[in-house]
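Data block below; observations after.
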Amino acid sequence: MLLLALLILLAATLLAWKWQGNHWRRLGLEAPFGWPLVGNMLDFALARRSYGEVYQHIYAQNRGLRYVGFYRLFNEPAILVRDQELLRRILVGSNFADCADNAVYVDQQRDVLASHNPFIANGHRWRILRADLVPLFTPSRVRQTLPHVAKACQLLRDQLPPGRCEAKDLATRYTLQVVASAIFGLDAQCLGRRRRLAPPSRWLEWLAPLFQPSAWSLLETVSLLHSPRLAGLIGHRYVPLHLQQWFSELVAARSAGDNLLQWLAASKRGLGQQELAGHATTLLLEGYETSAMLLAFVLYELARNEEAQQRLHMELDEVARRHAGKLIEQVALGELRYGEAALLEALRLHPAMQALQKRCTKSFTLPAQKSGASSVLNVDVGTVLVVPVQAIHLDPQLYPAPHQFRPDRFLDQPPMGCRFLGFGAGPRMCPGMRLGLLQTKAALATLLQEHCVLLADEDECGVEVSPRTFLTASSKGIWLRFQRRTPLY
Ligand code: HEM
């Protein structure tokens with residue numbers, strides 16, 4: 001009797017799995033079978049490939065389709081969008097309002113400060129929080145952050161280490177130095193001579209490891225992107241408790257001055273102490289890691305591509321000649337067009353977010369999966385739509401020789417539309433893009449004005465991207481060497 005009950009239970013489970021794994025096929029889509037628990041993301045679950053690589057594989061295997069039905073972790077049916085026109089509709093156009101929410105799970109009680117981040121907030125609350133931050137990033141406001149950037153560049157110049165150096169570590173020290181100064185008006189002591197005398201910088205100790213691979217990072221990424229239940233089980237916090245307390249203290253003790261926190265405090269909406277702490281947390285966390293990774297990757301690509309580095313050196317020399325050797329000022333930085341193109345090209349090859357994941361909040365219709373066919377797909381509320389940024393950036397039909405570093409792709413080009421999504425697109429696009437580009441360009445100019453950058457090891461065979469992290473990170477670091485050069489001006 002017990003055996004019969006077990007057999008019936010087993011048969012029912014298998015049928016339920018089969019039913020779930022054929023969700024898209026039942027709706028008439030071309031789609032792979034979804035396996036229990038892992039869906040089509042086994043390699044990500046086993047930390048063999050990053051989630052961006054898994055999506056890239058699905059994207060590449062389905063040429064000719066506008067979108068693909070597939071299954072995320074926990075066998076959740078989702079749609080991966082391939083077609084440029086559909087991407088535009090979803091990110092920028094008529095369907096934006098139907099799927100404007102980011103599919104990330106953060107518990108508002110456990111993560112009080114992170115829940116103020118527009119990236120995490122949804123619906124009407126997102127609109128309000130984003131509207132608080134956008135005025136900080138107008139061209140004139142970003143120009144006002146230049147003194148903070150220039151001060152950090154001076155420290156960076158004085159501190160270039162002799163011999164091998166890990167580029168991501170150097171870049172993180174620099175961006176932390178910039179954001180601590182620009183947001184709070186504080187010296188984070190991550191760079192410079194005083195650092196050697198002072199106790200280890202808390203900024204460096206607490207913030208530098210935050211988005212890096214660790215024993216826990218795969219579980220944390222899965223919690224953030226796939227499972228609020230797992231997040232509850234492991235007590236995951238996007239902003240760990242000690243950082244929440246420290247940020248709140250920093251905000252409470254803030255001093256007057258020309259910095260982002262003061263501009264926020266003076267905003268018309270009259271922000272409370274907790275809202276200020278929430279916004280400061282957003283600016284800090286969004287402000288340093290993505291820019292540091294971009295700076296490290298552009299140095300790496302230039303080290304591997306001698307011709308591109310020579311062109312950048314020529315541009316740096318020409319612009320420096322026109323500006324009496326001074327590059328870290330508004331007009332000179334604006335003239336570094338090849339430098340900016342190199343940054344965008346590095347971001348194309350190594351996007352900070354390998355995919356954007358949006359959740360449908362109002363049912364809408366997608367056209368047929370194949371052009372020419374007449375059937376349509378009704379997208380249900382709750383369905384996740386994946387925008388596979390890394391796959392799009394490396395699609396040979398959109399970028400010839402997609403793995404080659406060619407900054408020219410970004411020179412004198414019409415708008416890229418949804419071919420380039422390094423900062424997202426549409427109403428949810430990164431509001432800090434100008435500041436991100438300003439601080440990375442200034443550091444690039446500072447480092448390469450009087451130096452060449454080289455790979456630390458001749459037999460370097462590429463950066464290994466961590467399969468465990470939410471933001472793109474390298475598993476073993478990015479090892480480079482700087483060699484003095486004589487500028488021609
Ligand atoms: C090179 C540096 C940076 C890169 C590559 C980058 C990239 C991105 C990307 C891909 C998104 C998601 C867009 C989407 O969902 O469609 C985003 C959102 C965001 N970024 Fe950045 N970012 C950078 C720098 C910054 C800086 C410096 C700040 C502020 C100090 C910032 C603040 C934000 C915020 C607040 C959001 C959420 C926007 C929303 O959902 O409305 N970012 N960023």
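Atoms within a ligand are numbered from 1 in the order they appear, just like the ligands themselves.
The heavy atom nearest to atom 30 (C) of ligand 1, out of those in L283, V389, T145, T290, is found in L283. Of the listed options P431, P351, G424, P118, P431 places a heavy atom closest to atom 36 (C) of ligand 1.
The shortest side-chain heavy-atom distance between F184 and L284 falls under the 4.5 Å cut-off. Residues H313 and C452 have side chains in contact (heavy-atom distance under 4.5 Å, counting atoms from C-beta outward). The shortest side-chain heavy-atom distance between Y300 and V453 does not fall under the 4.5 Å cut-off. Between N378 and S363, the closest side-chain pair of non-hydrogen atoms falls below 4.5 Å.
Salt bridge K151/D187: absent, no basic N to carboxylate O contact under 4.0 Å. For the pair R237 and E220, the salt-bridge criterion is not met [side-chain N within less than 4.0 Å of a carboxylate O]. Between R88 and E85 a salt bridge is recorded (basic side-chain N to carboxylate O distance below 4.0 Å).
Here the protein heavy atom with the shortest distance to atom 42 (N) of ligand 1 is C430 SG, 3.0 Å. Summary of contacts: the protein heavy atom closest to atom 29 (C) of ligand 1 is F137 CZ, 3.6 Å. Here the heavy atom of the protein found nearest to atom 14 (C) of ligand 1 is R428 O, 3.5 Å. Closest to atom 32 (C) of ligand 1 among all protein heavy atoms lies E286 CB, 3.4 Å. In this structure, the protein non-hydrogen atom closest to atom 7 (C) of ligand 1 is G422 O, 3.6 Å. In this structure, the protein non-hydrogen atom closest to atom 15 (O) of ligand 1 is K358 NZ, 3.1 Å. In terms of protein heavy-atom proximity, atom 4 (C) of ligand 1 is closest to F423 CE2, 3.5 Å. If you check which protein heavy atom lies closest to atom 39 (C) of ligand 1, you get R130 NH1, 3.4 Å.
At least one heavy atom of W126 sits under 4.0 Å from some atom of ligand 1. No heavy atom of M433 sits closer than 4.0 Å to any atom of ligand 1. Residue contact check for ligand 1: T440 places no non-hydrogen atom closer than 4.0 Å to it.
Few gaps surround CZ on R269; more than 12 heavy atoms of other groups in view lie less than 6.0 Å from it. The 12-atom threshold is exceeded at CZ of R125, counting heavy atoms of other residues, nucleotides or ligands nearer than 6.0 Å. Enclosure of atom CH2 in W263 by more than 12 non-hydrogen atoms of other residues, nucleotides or ligands within 6.0 angstrom is indicated.
For R304 and F405, the positive end is not near the middle of the six-membered ring at less than 6.0 Å and at most 45° from its axis.
Not one N or O of Q439 is nearer than 3.5 Å to an N or O of ligand 1, by distance alone.
A donor-acceptor contact closer than 3.5 angstrom links the side chains of T472 and Q354.
At a 4.0 Å heavy-atom cut-off, ligand 1 touches M353 through the side chain alone. Counting heavy atoms closer than 4.0 Å to ligand 1, residue L356 contributes side-chain atoms (C-beta onward) but none from N, CA, C or O. Contacts between H116 and ligand 1, counted as non-hydrogen atom pairs separated by less than 4.0 Å, are absent for every part of the residue. Under 4.0 Å from ligand 1, not a single heavy atom of L437 appears.
When each of Y174, F247, W246 is checked for a ring pair (Phe, Tyr, Trp, His ring centres under 6.0 Å) with W203, only W246 meets the rule.
Short contacts between ligand 1 and T282, defined as distances under 4.0 Å to a heavy atom of the residue, involve ligand atoms 35 (C). Within the listing of ligand 1, atoms 1 (C) sit less than 4.0 angstrom from a heavy atom of L294. The contact set between ligand 1 and N102, taken as ligand atoms under 4.0 Å from a residue heavy atom, comprises 15 (O).
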